[in-house]
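Note that the numbering runs from 1 along the sequence shown for the chain.
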Amino acid sequence: MLFRSDLGNSIPAGATITSVSVKLEVVKSPSGGLGSVFELHELTHDWGEGLKTQKTGSTASVGEATWAAAKQGSLSWGAPGGKSGTDFDAKASSSVKIDGLKNYTFASTPDLVADVQGWLGNASKNNGWALLSASENSAGTARRFASSEDPRDALRPKLIIEFTPIPEPTSIALIAAGAGALG
C-alpha cells in the first residue's frame, strides 16, 4: 500500500514537527491469517494514483502505481513491488504488529518526524510511505486497509501531526528592528 498526504497550508512553513503518527484500519484479513509486523518506509521517488474511478480489481489506468510500475506507462520500480534502497528507504520509519480487524496506530518515532519535517522543508520530496509486511513472503499475512475513498470517515487513514510554529515577533521586537533600520 502506498500513501501520502499533501501538507499544503495545514502546517506553517518553518514549523518544527514534534510528533507524527499514522492510523490505519484493517478491514479484511485472511481467515486463520497470521499476525505480522507492518512497517512504514519513506518512498524515495514519485508514484501515481492514476485516474481510476472503477472499483478494486479493474485494470490499472495510465499513471497509476502497480506492482510493476510506479506510474503505469511511464515509470517503473527498481524491481517489481519496489526495491529497498532504490524506491523506498530500507529502514522502516515506524512499525506495528497487525493481527486482527481493527484500528492500528503507527506510533511517532524520530524517523516519522524526520520524514514529515523533510517534506515540510521540500514539498517535492513528499512521496509518502510504502506500507510493507515484514513477512511479505509468508502466506496468511496479507491485509486490506481502508482507503481515503472509504465512505466511512472513521475508517479512513489518518495522519496526526503535532508541531511548534515559528514564534511571531512581538510588537517591541518589530519596533526595535524598525528603529535600528532607520538609524
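No continuous path of hydrophobic side-chain contacts links L131 to L2 [ILVMFWY only; heavy atoms under 4.5 Å]. Cluster annotation: W129 and L75 are assigned to distinct hydrophobic clusters (Ile/Leu/Val/Met/Phe/Trp/Tyr, side-chain heavy-atom contacts under 4.5 Å, transitive). Residues L132 and L112 are members of separate hydrophobic clusters, defined by side-chain heavy-atom contacts under 4.5 angstrom among Ile, Leu, Val, Met, Phe, Trp and Tyr.
The closest donor-acceptor contact from the side chain of S108 to the backbone of V20 lies under 3.5 Å. T44 contributes a side-chain N or O that, together with a main-chain N or O of T86, makes up a donor-acceptor pair within less than 3.5 Å. Judged by distance alone, the side chain of Y104 and the main-chain N or O of V22 form no donor-acceptor pair under 3.5 Å. Side chain of Q117 to backbone of I17: a donor-acceptor contact under 3.5 angstrom is found. Remark: the backbone N or O of A69 is not paired with any side-chain donor or acceptor of S76 at under 3.5 angstrom. Put simply, the side chain of S147 gets close to the backbone of E149: a donor and an acceptor are under 3.5 Å apart. Using a distance-only test at 3.5 Å, with no hydrogens or angles considered, no donor-acceptor pair links the side chain of D89 to the main chain of L43. Although no hydrogens or angles enter the test, the distance criterion places a donor-acceptor pair under 3.5 Å between the side chain of T66 and the main chain of A68.
Judged by a 6.0 Å distance limit and a 45° cone about the ring axis, R4 is positioned over the six-membered ring of W47.
Annotation: side chain of K71 is not in contact with side chain of W77 (no heavy-atom distance under 4.5 Å). Side-chain contact check for N103 versus E25: some heavy-atom pair is nearer than 4.5 Å. Contact of the D111 side chain with the K91 side chain is registered, since non-hydrogen atoms from C-beta on lie closer than 4.5 Å. At a threshold of 4.5 Å between non-hydrogen side-chain atoms, the residues V113 and T18 do not count as touching.
The shortest heavy-atom contact between I166 and G14 is CG1-O, 3.2 Å. The minimum heavy-atom distance between D87 and H45, with the atom names listed, is OD1-NE2, 2.6 Å. Heavy-atom minimum distance, R143 versus S29: CD-CB, 3.4 Å. Contact between A134 and E39 at its shortest, heavy atoms only, is CB-OE2, 4.0 Å. Across every non-hydrogen atom of S148 and P157, the tightest pair is N-CD, 3.7 Å. Of all the heavy atoms in I11 and A15, the pair that sits closest is CG2-CB, 3.8 Å.
The aromatic rings of F145 and F38 sit perpendicular to each other, their planes meeting at more than 60°, with 30° as the lower class boundary.
Here the CG-NZ distance, from L155 to K23, works out to 13.0 Å after rounding to the nearest 0.5 Å. In this structure, OG on S21 lies 4.0 Å from CD1 on I160, to the nearest 0.5 angstrom. How far OG1 of T105 is from NZ of K158: 11.0 Å, rounded to the nearest 0.5 Å. From L7, atom CG reaches atom OG of S5 across 6.0 Å, with rounding to the nearest 0.5 Å. To the nearest 0.5 Å, atoms CG (L159) and CZ (F3) are separated by 8.0 Å. Rounded to the nearest 0.5 Å, atoms CG (D153) and CZ (R156) are 4.5 Å apart.
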Next item on the list: Evaluate side chain to side chain contact (heavy atoms under 4.5 Å, CB included) for L24 paired with M1, printing each intermediate quantity in order.
Entry: CA-CA 11 Å; L24 299 175; M1 179 170 134; 3.9 Å; yes
Margin query: Go through it in stages, so that I can follow the logic: the residues are T164 and T16, the test is side chain to side chain donor-acceptor pair (under 3.5 Å), and I'd like the CA-CA distance, side-chain angles, deciding distance and then a yes or no.
Written below: CA-CA 5 Å; T164 303; T16 301; 5.9 Å; no
Margin query: Please evaluate residues N127 and W119 with respect to the criterion side chain to side chain contact (heavy atoms under 4.5 Å, CB included), reporting the C-alpha separation (whole Å), side-chain torsions for both, the decisive distance (0.1 Å), and the verdict.
Written below: CA-CA 9 Å; N127 298 308; W119 302 339; over 6 Å; no
Check: For V37 and V96, what are the C-alpha separation, side-chain angles and deciding distance, and is it a side chain to side chain contact (heavy atoms under 4.5 Å, CB included)?
Finding: CA-CA 5 Å; V37 172; V96 66; over 6 Å; no
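Side-chain atoms of T109 and S94 include no donor-acceptor pair closer than 3.5 Å.
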